[in-house]
Amino acid sequence: MHQLTLRIPDDLVVALKRVAAERGESINTLATHGLRALVDPNAAGSELAEFRERLAAAGLLAPRTGPPAGPIDSPELQAARIAAGRGRPLSEYVSEDREDRF
């Protein structure tokens with residue numbers, strides 16, 4: 001699982017907190033549902049359908065083109081995953097930077 005940092009307006013943060021509290025969910029869960037609805041045209045369920053409608057109304061949902069997306073599992077993808085795993089972890093760079101300051 002990855003972590004994503006976003007810069008969003010204060011009024012949107014307030015609205016997200018309010019909606020999340022009303023739904024009894026965390027902001028992370030709420031945002032994850034919204035992002036999933038944005039990118040997954042096959043997402044089903046009333047909650048995701050509602051998010052998709054809102055995104056479409058805001059002009060943020062691209063029209064679906066081509067065949068439905070399926071899982072991608074090709075030799076090229078496997079090779080890319082292996083190549084991406086080689087290299088120096090970011091944590092080492094951060095640790096080095098911190099050691100230089102102290």
Side-chain angles (χ1 to χ4, degrees):
M1 185 169 294
H2 294 275
Q3 185 172 351
L4 177 67
T5 302
L6 301 171
R7 289 179 192 80
I8 58 176
D10 292 338
D11 61 322
L12 182 55
V13 173
V14 170
L16 285 170
K17 287 180 180 181
R18 179 183 47 78
V19 171
E22 289 171 359
R23 297 169 60 104
E25 297 178 340
S26 68
I27 294 174
N28 185 74
T29 299
L30 185 68
T32 300
H33 284 302
L35 293 171
R36 186 173 311 283
L38 177 66
V39 299
D40 185 359
N42 299 316
S46 60
E47 288 183 12
L48 291 179
E50 181 182 334
F51 278 125
R52 290 183 61 74
E53 288 174 16
R54 288 182 180 184
L55 291 169
L60 298 174
L61 192 61
R64 185 173 162 199
T65 59
I72 300 172
D73 194 20
S74 67
E76 293 87 5
L77 177 62
Q78 294 299 328
R81 285 182 177 151
I82 291 169
R86 295 184 193 136
R88 192 168 177 203
L90 179 60
S91 59
E92 289 181 14
Y93 290 103
V94 172
S95 295
E96 270 184 12
D97 185 50
R98 288 181 179 165
E99 289 171 3
D100 292 343
R101 286 192 232 164
F102 297 105

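Numbers here are sequence positions counted from 1.
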For E76, enumerate each residue passing the salt bridge (Lys or Arg N to Asp or Glu O under 4.0 Å) test, keeping only those at least two apart in sequence or located in another chain.
none

Atom CG in L77, atom CD1 in I82: separation rounded to 0.5 Å?
10.0 Å

Rounded to the nearest 0.5 Å, what separates atom CG in L6 from atom CG in L12?
9.5 Å

Give me the atom names and distance for the closest heavy-atom approach of A20 to L30.
N-CD2, 3.9 Å

To check you understand the geometry: which heavy-atom pair defines the closest contact between I8 and L16, and what is its length?
CD1-CD1, 3.8 Å

According to the side-chain hydrogen bond (donor to acceptor under 3.5 Å, both in side chains) rule, which pairs have a member within residues 3-17, sequence neighbours left out?
none

side-chain contact (heavy atoms from CB on, under 4.5 Å) involving P75 - partner list, sequence neighbours excluded
none

Taking a hydrophobic cluster as the set of Ile, Leu, Val, Met, Phe, Trp and Tyr residues connected by side-chain heavy atoms closer than 4.5 Å, whether directly or through intermediates, do V14 and V19 fall within one such cluster?
no

